[in-house]
Amino acid sequence: MKQLKRVLTAAFVILDIILITGGYDEHSKMYRWIGHPLANVMTDIAHIIGGVNGIGWAIIIITAILRLILLPFFLNQQVNTTINQIKMQTLKPEIDKLQALTRKAGTTQEQQQASMAMMSLYRENDVSVIGGISFLTMAMQLPIFSGLYSAILHAPALKGAEFLGFNLGKPQIVFAIAAGIIYLIQAWLAMQHMPEEQKKTSAMMMFISPIMIFVFAMIASGAIGLYFVVGGLFALIQTLIQHYQRPGLEKRVGREFKIKKTADDLMQESSKAKNTVTSTDGDQKTLQSSETKNKKQRNVGKQKR
């Protein structure tokens, strides 16, 4: 299973590189391979719905369908990320000990010893340094959402189209404000379970995304703004699910997660290994010195003869 996951991740990463490096215009691989077929599906949905608002509803429907397809992958990644965060919080006292030892280290060797113990702490206790992030999920979503973006950007049916009285071909401040507010609420909710010290460092980064989305929606077409609104609603739903899942996951980790090796255990093991190496080096030097002495004695004996 792990091997299959690695192969799929590598395949999607290669596909992402091929698609992204080609740009997003009407002649790009992104639009020809993914965007154009999605634009055709969107146009067919608009014709089925009919009416002046057909294309707007088509954008909402196709965005919702793609989000729902990927939702199980996102939720699985959220569970893994949350469990990893809870484990990290449980390990925090041990991490703090090793960080203190790293700061107090008087020599490079002592710093390396503490750093190696830190890596072992994560590995021995089955905690991911990258936070439980799934690169496969990240690699999968990029061509899908980028392709949908290019479809909405270049779909011929969007020319002159309207939705609820808003021109989808021109920037619409209402959609920009709605998208910004939705992503702002989602960012605020995502921060609720963070430790206080992490909130201070993450607050700026968490709130940059809503601001960027608002600014981009302000200068992009109303169709792109509508796409951001629908995408933001699904992102908010995912974060709400994570919010209500967390208490249960905390109980689960509390039952199942036990610290296998502490910072003190790992530092003792590191010291023992260091002493063993030093002792071995000393024995080798003693042996080499003895051999050199014996050779000299033999050479003196030969010269006397």
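These numbers were taken from a predicted model, which means no experiment stands behind them. Starting from 1, each residue takes its place in the sequence as its number.
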If I take atom CZ from residue R67 and atom CZ from residue F74, how far apart are they, to the nearest 0.5 angstrom? 6.0 Å

Quick one: pull up OG1 in T82 and NE2 in H243 and give me the separation to the nearest 0.5 Å. 12.0 Å

Does the side chain of N125 come within less than 4.5 Å of K87's, by heavy atoms? no

Is a side-chain donor or acceptor of T63 paired with a backbone partner of I60 at a separation under 3.5 angstrom? no

Is there a continuous path of hydrophobic side-chain contacts, each under 4.5 Å between heavy atoms, that joins L158 to V52? no

Please give me the minimum heavy-atom distance between Q78 and Q238, naming the atom from each residue. NE2-O, 3.0 Å

Would you indicate whether the side-chain heavy atoms of L98 and L101 approach each other to under 4.5 Å? yes

Near-ring test F207/W188, centroid separation under 6.0 angstrom: no

Look at the side-chain heavy atoms of Ile, Leu, Val, Met, Phe, Trp and Tyr, link any pair under 4.5 Å apart, and say whether I48 and I61 land in one connected group. no

dist E124:CD -> E94:CD (nearest 0.5 Å) comes out at 13.0 Å

Is the number of heavy atoms from other residues, nucleotides or ligands within 6.0 Å of CZ (R252) greater than 12? no

So does N167 get a backbone contact from the side chain of Q172, meaning a donor-acceptor N/O pair under 3.5 Å? yes

Quick one: closest heavy-atom pair of I55 and A161, and the distance? CG2-CB, 3.2 Å

Judged by atom type as modelled, is there a donor-acceptor pair below 3.5 Å linking the side chain of Q141 to the main-chain atoms of L70? no

Determine, stepwise, if the pair L168 / F175 fulfils side chain to side chain contact (heavy atoms under 4.5 Å, CB included). CA-CA 10 Å; L168 294 178; F175 293 156; 4.0 Å; yes

Could you check whether any side-chain heavy atom of M42 comes within less than 4.5 Å of a side-chain heavy atom of I152, counting everything from C-beta outward? yes

Minimal non-hydrogen separation, T90 against I259, with atom names: O-CD1, 4.0 Å

With a 4.5 Å heavy-atom cut-off, do K29 and I18 have their side chains touching? yes

Do you reckon I69 sits in the same ILVMFWY cluster as I45, going by side-chain contacts under 4.5 Å, direct or chained? yes

Nearest-0.5 Å distance, CG of residue L142 to CZ of residue F145: 10.0 Å

Residue list, side-chain contact (heavy atoms from CB on, under 4.5 Å) with Y122, at least two apart or on another chain: M88, I95, M118, V127, V129

Between G23 and M30, which heavy-atom pair has the shortest distance, and what is it? O-CB, 3.7 Å

Could you grab the distance from atom CG of D16 to atom OG1 of T21, nearest 0.5 Å is fine? 10.0 Å

For residues A58 and A46, report the shortest heavy-atom separation together with the two atoms involved. CB-N, 3.9 Å

Once you measure the plane-to-plane angle for H154 and Y31, does it fall in the parallel (<30°), tilted (30-60°) or perpendicular (>60°) bin? perpendicular

Under a 4.5 Å side-chain heavy-atom rule over Ile, Leu, Val, Met, Phe, Trp and Tyr, are I144 and I17 clustered together? no

Should we say atom CZ of F257 is surrounded by more than 12 heavy atoms from elsewhere, each under 6.0 Å from it? yes

Using the side chain to side chain donor-acceptor pair (under 3.5 Å) criterion, which residues pair with T239? Sequence neighbours excluded. Q186

Heavy-atom closest pair, residues A39 and A151: N-CB, 3.8 Å

Are I182 and L240 co-members of a hydrophobic cluster defined by side-chain heavy atoms under 4.5 Å apart? yes

Enumerate, atom names and distances included, each donor-acceptor pair closer than 3.5 Å involving a side-chain atom of residues 208-230, sequence neighbours excluded.
from, atom 1, to, atom 2, distance (Å)
S221, OG, I224, N, 3.4

Are L66 and F234 side-chain neighbours, meaning at least one heavy-atom pair lies under 4.5 Å? no

Value for NE2 (H47) from CD1 (I49), rounded to nearest 0.5 Å, stands at 11.0 Å

Heavy-atom neighbours of L189 CG exceed 12 at 6.0 Å: yes

